[in-house]
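Structure first, commentary second.
Keep in mind it's a predicted model, so treat the numbers as computed, not measured.
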Amino acid sequence: MTTDTNKKRSPKKWQSFKEQVATLESRGMIFEDKANAEYVLSQVNYYRLSGYWYSFRIMLSNNSRSDNFITGTTFDDVLNIYLFDKQLRLLCLRALENIEMSVRTNIAHTLGRISPNAHLNTDNFDQRFIKSENRYWSYDTWLIRYQEQIKKAKKSPFIEHHLNHYQYLPIWVGIEVLDFGSITTLYTGLRGKQQQQIAKLYGINNAKVFASWLKSLNYIRNICAHHGRLWNVNIDIIAQIDRSVPVLHQLDNKRIYFYLKMIQHLMTVISPNSNWETELNKLLSQFPVPKNKAIALTGLGVIK
């Protein structure tokens with residue numbers, strides 16, 4: 001099927017940073033310091049910032065947005081929510097590193113109890129995972145990815161040592177080369193008994209729920225790692241709700257606040273003395289509400 005390019009519009013013309021400011025000003029945005037705004041736009045792409053000023057655009061009767069801004073919208077309002085979102089991403093990344101390291105360790109410990117090479121024996125996995133022809137979820141696909149990541153890490157001292165002296169990498173070594181996505185896939189492919197053992201370590205009664213948590217957290221980690229936006233977006237890979245975590249019951253699992261509370265639950269289990277929850281609450285208390293009230297903390301999914 002071919003696309004008729006004649007029906008597509010040409011891209012908008014290139015604009016200097018000064019022209020970008022002028023365009024925004026013509027649509028009603030207020031600038032207290034145009035030179036500083038031009039500098040910001042020279043460091044942060046116009047279209048990256050456009051995701052943050054979207055909520056400041058006037059809502060139309062058909063639920064679309066006008067190009068024009070709500071009265072009183074300032075460039076500083078947009079910059080403030082951008083900086084808030086940046087701090088939120090950094091806070092999430094710090095917690096997600098702890099969660100990833102913990103899950104990685106417990107998967108290796110659980111499989112290693114079976115045998116050092118349990119990850120290379122298909123008897124240790126759900127047979128649906130073994131027989132799956134889905135290129136995103138199958139043992140064969142996971143194994144190829146595992147071997148690729150070993151190859152990339154072969155010069156790491158601990159990988160090189162084991163490759164030179166042993167027939168294969170034991171699971172507690174091999175798992176260290178895996179990214180979060182591969183770790184998540186490995187967990188979802190385990191037999192139910194092993195999944196359940198691991199899930200219960202995190203206060204989750206349902207192993208399938210915990211699998212959905214890992215998928216969502218991997219998705220969020222990728223947003224954060226690629227400097228994506230958490231503010232006012234729907235999470236596309238949604239997690240299921242476990243009855244054993246009541247704090248999540250009234251929250252929208254398509255909004256980031258649900259996942260912040262999920263992360264908080266996991267951090268409480270993994271690192272009881274962590275100040276992560278305190279830092280989260282402090283950041284949320286500093287949410288930059290603009291004078292024109294165009295946005296509010298509810299954009300994160302926070303319930304008033």
Give me the one residue out of Tyr52, Trp231, Trp53 that meets ring pair (Phe, Tyr, Trp, His ring centres under 6.0 Å) with Tyr82. Tyr52
State, without any angle test, whether Thr74 and Asp76 hold a side-chain donor-acceptor pair at a distance under 3.5 Å. no
Counting C-beta onward and ignoring hydrogens, is there a side-chain heavy-atom pair between Ile107 and Val103 closer than 4.5 Å? yes
Quick one: pull up CG in Leu248 and CD1 in Ile241 and give me the separation to the nearest 0.5 Å. 6.5 Å
Tightest non-hydrogen contact, residues Gly203 and Val245, listed as O-CG2, 4.4 Å
At what distance, to the nearest 0.5 angstrom, does CD of Gln147 lie from NZ of Lys151? 10.5 Å
Between Ser55 and Ile70, the two heavy atoms sitting closest are O-CD1, 4.0 Å
Would you give the length of the straight line joining atom CH2 of Trp172 to atom NE2 of His119, rounded to the nearest 0.5 angstrom? 9.5 Å
With a 4.5 Å cut-off on side-chain heavy atoms, are Met267 and Asn98 touching? yes
Short side-chain to backbone donor-acceptor contact, Asn253 and Ile238, under 3.5 Å: no
Check Trp276 against Ser274 and note the closest heavy-atom contact, atom names and distance. N-OG, 3.0 Å
Under 4.5 Å between side-chain heavy atoms, counting indirect links through other Ile/Leu/Val/Met/Phe/Trp/Tyr residues: same cluster for Ile58 and Phe75 or not? no
Strictly distance-based, threshold 3.5 Å: is any side-chain N or O of Glu160 a donor or acceptor partner for the main-chain N or O of Pro157? no
Are side-chain heavy atoms of Arg255 and Ile235 found at a separation under 4.5 Å? no
If I take atom SG from residue Cys92 and atom CD1 from residue Ile263, how far apart are they, to the nearest 0.5 angstrom? 4.5 Å
Do you see a donor-acceptor pair shorter than 3.5 Å between the side chains of Thr278 and Asn281? no
Trp142 and Tyr146 aromatic ring geometry - parallel, tilted or perpendicular at 30°/60° bounds: parallel
Taking everything shown except Arg128 itself, do over 12 heavy atoms lie less than 6.0 Å from its CZ? no
Would you say the side-chain atoms of Ser132 pair up with the backbone N or O of Asn134, donor to acceptor, closer than 3.5 Å? yes
Is it true that a side-chain atom of Arg57 and a backbone atom of Ser66 form a donor plus acceptor pair closer than 3.5 Å? yes
Taking the side chain from Thr23 and the backbone from Glu19, do they hold a donor-acceptor pair closer than 3.5 Å? yes
Are Val233 and Ile237 in one and the same hydrophobic cluster, where Ile, Leu, Val, Met, Phe, Trp and Tyr link if side-chain heavy atoms are under 4.5 Å apart? no
Is it the case that the side chains of Thr184 and Asn218 hold a donor-acceptor pair, with the cut-off being a distance below 3.5 Å and no angle test? no
Hey, does the Lys NZ or Arg CZ of Arg191 hover above the aromatic six-ring of Phe125, less than 6.0 Å from the centre and inside 45° of the axis? no
Give a yes or no on whether Leu186 and Leu143 share a hydrophobic cluster (residues Ile, Leu, Val, Met, Phe, Trp, Tyr; joining criterion: side-chain heavy atoms under 4.5 Å apart). yes
Side chains of Lys152 and Gln149 only: does a donor on one sit below 3.5 Å from an acceptor on the other? no
Check for me, please, whether Leu88 and Tyr54 land in the same ILVMFWY cluster - side-chain distances under 4.5 Å, paths through other members count. no
Looking at Ser212 and Gln240, would you say the former's side chain and the latter's main chain have a donor-acceptor pair under 3.5 Å? yes
How about Tyr202 and His265: are their ring centroids closer than 6.0 Å? no
So how far is it from Tyr139 OH to Phe129 CZ, rounded to the nearest 0.5 Å? 8.0 Å
Do Leu284 and Leu300 have side chains that approach each other closer than 4.5 Å (heavy atoms only, starting at C-beta)? yes
Backbone N/O of Asn106 and side chain of Thr110: donor-acceptor pair under 3.5 Å: yes
Heavy-atom donor-acceptor pair, Gln195 side chain to Tyr187 backbone, under 3.5 Å: yes
Could you walk me through whether Tyr259 and Ser216 pass the side chain to side chain contact (heavy atoms under 4.5 Å, CB included) test, one step at a time? CA-CA 8 Å; Tyr259 297 91; Ser216 296; 3.5 Å; yes
Does His162 have more than 12 heavy atoms from other residues, nucleotides or ligands lying within 6.0 Å of its NE2? yes
Can a donor-acceptor pair be found between the side chains of Arg243 and Asn206 at a distance below 3.5 Å? no
Give the intermediate values and the outcome of side-chain hydrogen bond (donor to acceptor under 3.5 Å, both in side chains) for residues Trp137 and Thr185. CA-CA 7 Å; Trp137 188 79; Thr185 301; over 6 Å; no
Least distance between heavy atoms, Ile171 atom then Ala108 atom: CG2-O, 3.7 Å
Does this structure show an ion pair linking Arg94 with Glu279, if we count only N-O contacts that are shorter than 4.0 Å? yes
Using distance alone, with no hydrogens and no angle criterion, decide if Ser138 and Asp140 have a side-chain donor and acceptor under 3.5 Å apart. no
Examine distances only and state if a side-chain atom of Ser102 and a backbone atom of Ile99 form a donor-acceptor pair shorter than 3.5 Å. no
Strictly by modelled atom types, are Gln20 and Gln15 linked by a side-chain donor-acceptor pair under 3.5 Å? no
Report yes or no: do Ile144 and Leu169 belong to one cluster of Ile/Leu/Val/Met/Phe/Trp/Tyr joined by side chain heavy-atom distances under 4.5 Å? no
Flag the pair Arg145 and Glu148 as a salt bridge only when some basic side-chain nitrogen lies within less than 4.0 angstrom of an acidic carboxylate oxygen. yes
Looking only at heavy atoms, the pair that brings Leu178 and Glu100 closest together is O-OE2, 4.3 Å
Would you say Leu111 and Leu190 make side-chain contact, with heavy atoms under 4.5 Å? yes
So for atom NZ, which belongs to Lys86, do other residues, nucleotides or ligands contribute more than 12 heavy atoms lying within a distance under 6.0 Å? no
Can you confirm whether more than 12 heavy atoms, excluding those of His227, are under 6.0 Å from its NE2 atom? no
I'd like to check Thr141 versus Tyr136 (side-chain heavy atoms, cut-off strictly below 4.5 Å). Are they in contact? no
Name all pairs fulfilling the side chain to side chain donor-acceptor pair (under 3.5 Å) condition that reach into residues 30-48, sequence neighbours left out, sorted by first residue then second. Glu25-Lys34
With side chain to side chain contact (heavy atoms under 4.5 Å, CB included) as the test, would you mind laying out the steps for Asn121 and Ser115 before giving the verdict? CA-CA 9 Å; Asn121 185 343; Ser115 83; 5.9 Å; no
Within the 4.5 Å heavy-atom criterion, are Ile220 and Ile256 side-chain neighbours or not? yes
Residues 289-296, side-chain donor-acceptor partners within the protein, below 3.5 Å, at least two apart:
residue: Asn292; atom: OD1; partner: Ala294; partner atom: N; Å: 3.1
residue: Asn292; atom: ND2; partner: Thr71; partner atom: O; Å: 3.3
residue: Asn292; atom: ND2; partner: Thr73; partner atom: OG1; Å: 3.0

Side chain to side chain contact (heavy atoms under 4.5 Å, CB included) assessment of Thr188 paired with Phe210: CA-CA 9 Å; Thr188 62; Phe210 190 60; over 6 Å; no
Donor-acceptor contact below 3.5 Å, side chain Gln196 vs main chain Asn205: yes
Are Met101 and Ile270 packed together at the side-chain level, in the sense that at least one heavy-atom pair is separated by less than 4.5 angstrom? no
How long is the straight-line distance from CD1 of Ile175 back to OG1 of Thr105, given to the nearest 0.5 Å? 7.5 Å
